Protein chains: 2
Amino acid sequence: MAETESRPELRYGNRPTMKDVAARAGVGLKTVSRVVNGEPGVTPDTEQRVQEAIEALGFRRNDSARVLRKGRTASIGLVLEDLADPFYGPLNRAVEEVARAHGALLINGSSAEDPAREQELVLALCARRVDGLIVIPAGDDHRYLEPEIAAGVATVFVDRPAGRIDADVVLSDSFGGAREGVAHLIAHGHRRIGFIGDQPRIHTAAERLRGYYAAMEDAGLAADDAWVSLGSTAPERVRDAVTAMLDGPEPVTAVFAGNNRVTVTVVRVLAGRERPVALVGFDDIELADLLQPGLTVVAQDAARLGRAAADRLFRRLDGANDAPARTELPTRLIARGSGEIPPWTP
Amino acid sequence: MAETESRPELRYGNRPTMKDVAARAGVGLKTVSRVVNGEPGVTPDTEQRVQEAIEALGFRRNDSARVLRKGRTASIGLVLEDLADPFYGPLNRAVEEVARAHGALLINGSSAEDPAREQELVLALCARRVDGLIVIPAGDDHRYLEPEIAAGVATVFVDRPAGRIDADVVLSDSFGGAREGVAHLIAHGHRRIGFIGDQPRIHTAAERLRGYYAAMEDAGLAADDAWVSLGSTAPERVRDAVTAMLDGPEPVTAVFAGNNRVTVTVVRVLAGRERPVALVGFDDIELADLLQPGLTVVAQDAARLGRAAADRLFRRLDGANDAPARTELPTRLIARGSGEIPPWTP
DNA sequence: CATTCAGTTGACAACGTTGTCCAGGCCCTA
DNA sequence: TAGGGCCTGGACAACGTTGTCAACTGAATG
């Protein structure tokens, strides 16, 4: 709120308080509190009078005040990279379900892959005194969170590890997944394989690249620098990168795409190409099975990722005190056709 | 939180308060408040002492207390149907961006298409005293919100209208869009056209059905009951419905799918069929252009929907007092192939 | 030197709730 | 009837912040 001028007559729109209810019901303040919270020690008769007053006034407990008094907000914050990215939808939903099961509300925000924005958001959430935080990090230095964590804000990082602090992390096995995906291409006869990934400062991107190199090395293949392209996932950039690899002096016969956004663009480019090129993408995509050919992917279970992170968070909130742990969830290779295309030979 | 037992030593993890900062800096409480809020009337010298104390203690203002005092929470609630549905991602994100521009946080929740859950969520948000609410309704009776709205909670409904109360609404033109989509099929020669939609108690589903009938009537075509199927969007149900239409005594030659989830399933079913069937779907889908044939859709602009709703909300919060309005955004027919398939003739 | 004034500063109440504690009424028993 | 315990109800402080207001400082003015 840019500037909330003080309009005292409008505070919460002048809602009735327990005091008002008490006055109307002719009882004490605390009695109303007892009724509202279902605490024992109120005769049915009194309770009914209070209920009627609540009804008549349209009273609704002010949780802001309650929070202040109780010291717990029953809310958690989830900072992800982009609320609109379909990959994070199931994760978001899974976190919500766990929160709901614990009676907590979910405050959401996107970092837009900007470390400064991530920090701003996280600190705003801390100022709200959320009970816990689940963060998909954009930055690689989270020391700014140290005082918060020390002060008791449970924090779990998901999808990417925290930077320079020791905290709970829930990850997909990016390295292993990429390695498996690239090995799959190699197993189908490919020797010149391209890799198109996100900026290497992003942990998952770096890990997947590492997996690519590992698979190549496992097979005794040298990875030409011209086959590897890292950077923004903007369609133009990816398009240029794929094109360069396919038209270079040593054209690749297969491409490994580092995430869902890259994959989508690569599919588009390959669709316009004459000669077939094999493709395996990291992350599953809706309708991937209906493409011609079906899209072979290394799938991660985003919902499970979210569930695991939220479970961990609430275990912490329930008092678990063990050392921060790193949980790594497996990926799954789903062969649908595009990854099984043999190398093109002139 | 099921039961937050009172652990007073753990309230907010014993964070320092302005009082602590004041004590350490050797100044008064209010002076700290002034520094924290950038209010004038503090000498640079004093300010620095306070800043140092803040730094040293790792103080962070408690917005819960602030909210209680100021009467505004600088947060809005967004209740949608399913956080994981890709259609709502861009809407969610758009709302977030507008909220962010106004310095407000976003509290998110899914109704899971359950009116009771919607109400529960909305009332929880009201108890938190969110400044405003954006709701994608699941239920069709929102009179429970009357006291809240009267008490000053700005409320905007989006995607579907409010039930039995007068409130701001931002919608896509479901009727017009469906009518145009069906007319498109008719223009390509179809006479027997199936309609598969969501449960008709959902407003958009009913409107799209109405658009279907209107288009048929416009063309002087009778719509056979056997061509219309409404109900859950579960894949099995949709699969059965399509199959029945295609194998009935008067088989349809084209299908209009009432939303993205239905469309996806219909595409799958048609892909397994020998004879070509035309298809137009409501809602655009990622990769729709890469299917064979490309998927013809009636697209709505979810981000614009969200932006419009949030803009309206914040205009209300800024004091706009005009009568509740209904905003209807146009849809756009995108022809990609599947809707231009001619009727199959034996 | 008395007075005014602007600029700083802090004491205090208030926001609406919940936790603590005590008072009064009742019933039971001796 | 007195004493004890239980049940119900309310007075009051506290949570951490901000708005109000008055007190103080030092300098400038008469």
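On a predicted model such as this, the values are computed, not experimentally measured, just so you know. Just so it is clear, the values below take in all heavy atoms, side chains as well, and ignore hydrogens, waters and symmetry mates. Chain letters run A, B, ... following the sequence lines, proteins first and then strands; every chain starts at 1.
Few gaps surround CD on A:Glu146; more than 12 heavy atoms of other groups in view lie less than 6.0 Å from it.
Nucleotide C:dT17 holds its P atom 14 Å from the CZ atom of B:Arg128, rounded to whole Å. Straight-line distance from the CD atom of B:Glu47 to the P atom of C:dT8: 11 Å, rounded to whole Å. Taking atom CG on A:Asp63 and atom P on C:dC15, their separation rounds to 19 Å, with Å as the unit. For the pair A:Arg69 CZ and D:dT17 P, the interatomic distance rounds to 15 Å; values are reported in whole Å. In this entry the distance linking CG of A:Leu29 with P of D:dC12 reads 12 Å, nearest Å. Across the protein-nucleic acid pair, B:Glu39 atom CD and D:dT17 atom C1' stand 11 Å apart, rounded to whole Å. Between the NZ atom of B:Lys19 and the C1' atom of C:dC12 there is a distance of 13 Å, given to the nearest Å. In this structure, the CG atom of B:Asp20 is 13 Å from the C1' atom of D:dC15, given to the nearest Å.
For the OP1/OP2 pair of D:dT8 and a distance below 4.0 Å, the side-chain nitrogens and oxygens of A:Thr46 include no atom meeting the criterion. Contact annotation: B:Ser64 side-chain N/O to D:dT17 OP1/OP2 distance is not under 4.0 Å. Side-chain nitrogen and oxygen atoms of A:Lys30 include none within less than 4.0 Å of the OP1 or OP2 phosphate oxygen of C:dT20. OP1 or OP2 of C:dT18 has at least one side-chain nitrogen or oxygen of A:Arg61 nearer than 4.0 Å. Side-chain nitrogen and oxygen atoms of B:Thr31 include at least one within less than 4.0 Å of the OP1 or OP2 phosphate oxygen of C:dG10. Within the structure, every side-chain polar atom (N or O) of A:Asn62 is placed at least 4.0 Å from both OP1 and OP2 of C:dC15. Close to D:dT18, at under 4.0 Å from its OP1 or OP2, lies a side-chain N or O of B:Arg66.
Panel note: side chain B:Asp20, backbone B:Thr17; a donor-acceptor pair is recorded below 3.5 Å.
Contacts of B:Val27 with the nucleic acid, taken as non-hydrogen atoms under 4.0 Å apart, involve only primed sugar atoms and P, OP1 or OP2. Counting non-hydrogen atoms under 4.0 angstrom, A:Gly41 reaches the backbone sugars and phosphates but no base. Residue A:Ser33 is classed as a base contact, given a heavy-atom separation below 4.0 Å to a base.
For B:Ala65, the listed nucleotide lying nearest its side chain is D:dG16; candidates were D:dT8, C:dG10, D:dG16.
When each of A:Met18 and A:Arg34 is assigned the nucleotide of DNA chain C bearing its nearest heavy atom, the one mapping closer to the 5' terminus is A:Met18.
Note: A:Tyr88 OH to A:Asp159 CG = 4.5 Å, rounded to the nearest 0.5 Å. Atom CG of residue B:Leu313 and atom CZ of residue B:Arg315 lie 10.5 Å apart, to the nearest 0.5 angstrom.
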Task: Residues A:Ser110, B:Glu96; criterion side chain to side chain donor-acceptor pair (under 3.5 Å); working and verdict - done: CA-CA 8 Å; A:Ser110 305; B:Glu96 186 210 356; 2.7 Å; yes
